[in-house]
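Numbered from 1 within each chain, the chains take letters A, B, ... in sequence-line order.
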Protein chains: 2
Amino acid sequence: MARTALTREEVLETAAALVKQHGPTALTMRRLAAELGTAVTSIYWHVGNRESLLDALVERTVADLAAITPHGRTPAARIVSVARALRHELRARPHLVAMVHERGLTERMFLPAQRALAQEVHAAGLRGTRAAEVVRAVQVQVVGHVLVERNRERSPAQSPAETELWQTATTDPPDPALTRALAAPVDPERLFVTSVRALVNGLLGPHGPTPDRRDG
Amino acid sequence: MARTALTREEVLETAAALVKQHGPTALTMRRLAAELGTAVTSIYWHVGNRESLLDALVERTVADLAAITPHGRTPAARIVSVARALRHELRARPHLVAMVHERGLTERMFLPAQRALAQEVHAAGLRGTRAAEVVRAVQVQVVGHVLVERNRERSPAQSPAETELWQTATTDPPDPALTRALAAPVDPERLFVTSVRALVNGLLGPHGPTPDRRDG
DNA sequence: ACCTGAACACCGTTCAAGT
DNA sequence: ACCTGAACACCGTTCAAGT
């Protein structure tokens, strides 16, 4: 009843498919073996153990991330376009990105984008440590947004809902319209673009970062 | 060999201690039982199962989060102070915060801070949906930073290091000082304050959010 | 070089039985 | 009302044995 020879590539492919469809918890060695039609222990010969199998999947994801090219006229617009593209790519593979994050390889994954951002910040006239700060601020902004967004999506029914919580506030709200707006659902794309634009304006604009003062 | 009567409170306390010291994976029902000096199955009577035990721990963390009060003179400074305090609180209990995040209760946990931010944004003269957008942008900014920071700390030795990656760049870097700065280690506190300040300036300042245009 | 089943030490959970 | 041990169906991993 021998099947065609098992390859490391085949193991990785099937494992990746399992993760994409049902999340990382669904990737058990026994289930993977069943999917492949082999004995559980054969997998060990090809990939070592579960941990290094996951490592390999993560490595793959990092490599998969397509190169991102900026679009737009001004440096600010081009930076925002990189941020948007980045967000899009990350959201296309949530499970695998989460695994990259858990393994602390987010930095690695972001390198191509970082290069693109660096070029734009340079074009905007910033140099040295100040320029680096802008690159990093944008990078953190993007990763942070994606992580928070994903979190929000995974749990659409908060209990109690924000609405309810705001209604039970002890102090009267200063602005009913604000209260209503905070109780309403979020448009993540919109919030994302608004935030990135504000951050970039704040960093590139006349009020830019003040490297020497630390007090709030 | 009967010990004093087991209480739900005692179970939660011991479970929380285990998580704080060794992370959530260390919290197995058998280990918890050993720590408590009872049979594994006794725990089930008090907390149902592992899942609802974790739920209870998360609920506790949300409740534990101390009320945060703004400091400073201008609304912008007061917003930044809330952001810093928030970051500090979150970083004090990383494992539990991660669990709150995984369970999608980040929103809930942030409500007190959200109220404080709302008041400051109101004081800064913003109203309605625009004000709400600022509150949310700052909130995401803080959570995002904390998540990314924690990720960076958990894996101090990136392989290959950023330095190495930048050195192997195919295109010549436009700014050697920028390249050097990006290869150097990050000061997270500094990056955080710079980013929040820039975001707040960008949102409250003259270039504020433009709610109707969506193009980058 | 590659694959296998048996075995080990773990899990979370259920359940009938105790007091 | 509270606690217990036995049992079940899972894990990841090791290892001696096969070809």
Side-chain angles (χ1 to χ4, degrees), chain A residues 1-61 95-96 98-100 102-104 154, chain B residues 1-61 95-96 98-100 102-104 154:
Chain A
M1 214 47 76
R3 35 148 298 155
T4 52
L6 190 62
T7 64
R8 179 185 160 86
E9 218 38 51
E10 195 187 353
V11 173
L12 293 182
E13 202 64 53
T14 310
L18 265 174
V19 170
K20 275 184 195 157
Q21 284 173 43
H22 307 104
T25 59
L27 178 58
T28 72
M29 301 303 266
R30 282 173 167 84
R31 176 156 181 192
L32 180 55
E35 212 87 20
L36 287 163
T38 48
V40 197
T41 44
S42 301
I43 301 169
Y44 284 81
W45 198 92
H46 288 282
V47 298
N49 54 24
R50 186 171 186 270
E51 204 56 19
S52 37
L53 167 58
L54 293 179
D55 283 344
L57 289 185
V58 159
E59 210 55 52
R60 229 172 201 237
T61 306
H95 287 307
L96 286 167
M99 281 168 59
V100 172
E102 278 158 24
R103 292 179 131 59
R154 241 184 332 178
Chain B
M1 215 48 73
R3 36 148 296 158
T4 52
L6 190 63
T7 64
R8 178 184 159 86
E9 216 39 50
E10 196 187 353
V11 173
L12 293 183
E13 202 64 52
T14 310
L18 266 174
V19 170
K20 274 183 195 158
Q21 285 173 44
H22 307 104
T25 57
L27 178 59
T28 73
M29 302 304 266
R30 281 174 167 85
R31 174 156 182 191
L32 180 55
E35 212 88 20
L36 287 164
T38 48
V40 196
T41 43
S42 302
I43 300 169
Y44 283 82
W45 198 91
H46 287 283
V47 298
N49 54 23
R50 185 171 187 272
E51 204 56 19
S52 36
L53 167 59
L54 292 180
D55 284 344
L57 289 185
V58 158
E59 210 53 53
R60 228 172 201 238
T61 306
H95 287 307
L96 286 167
M99 282 169 58
V100 172
E102 277 157 25
R103 292 181 132 60
R154 240 182 335 177

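Rounded to whole Å, the distance from NE2 on B:H46 to C1' on D:dT4 is 13 Å. Rounded to whole angstrom, the span from the CD1 atom of B:I43 across to the P atom of D:dA1 amounts to 21 Å. What separates CZ of B:R3 from P of C:dT19 is a distance of 20 Å, to the nearest Å. In this entry the distance linking CE of A:M29 with C1' of D:dG12 reads 7 Å, nearest Å. The separation between A:L6 atom CG and C:dC3 atom C1' is 9 Å, rounded to whole Å. For the pair A:W45 CH2 and D:dT19 C1', the interatomic distance rounds to 14 Å; values are reported in whole Å. In this structure, B:E10 places its CD atom 14 Å from C1' of D:dC2, rounding to the nearest Å. A straight line from CZ of B:R8 to P of D:dC2 spans 13 Å, rounded to a whole angstrom.
Between the CZ atom in A:R60 and the CE atom in A:M99 there is a gap of 11.5 Å [rounded to 0.5 Å]. If you take OG1 on B:T38 and CG on B:L32, they are separated by 7.0 Å, rounding to the nearest 0.5 Å. From A:T14, atom OG1 reaches atom CG of A:L27 across 10.0 Å, with rounding to the nearest 0.5 Å.
As judged by a 4.0 angstrom heavy-atom cut-off over every strand, B:S42 is placed among the base-contacting residues.
Contact record, A:S52 with A:V47: OG-O, 2.8 Å, taken as the closest heavy-atom pair. Closest non-hydrogen pair, B:H95 versus B:K20, comes out as CD2-O, 3.7 Å.
The partner of C:dT19, taking Watson-Crick or G-U wobble pairs whose two distances both stay under 3.5 Å, is D:dA1. Shown here, D:dA6 forms a base pair with C:dT14; the pair counts as Watson-Crick or G-U wobble because both key distances fall under 3.5 Å.
Here the nucleotide nearest the side chain of A:A39, chosen from C:dT14, C:dT4, C:dC2, is C:dT4. Here C:dA7 is the nucleotide among C:dA7, C:dC3, C:dT13 with the atom lying nearest to any side-chain atom of A:R30. Here the side chain of B:T28 is nearest to one of D:dT13, C:dC3, C:dG12, namely C:dG12.
The nearest heavy atom of DNA chain D to A:T41 and to A:R31 marks one nucleotide each, and the one closer to the 5' end goes with A:R31.
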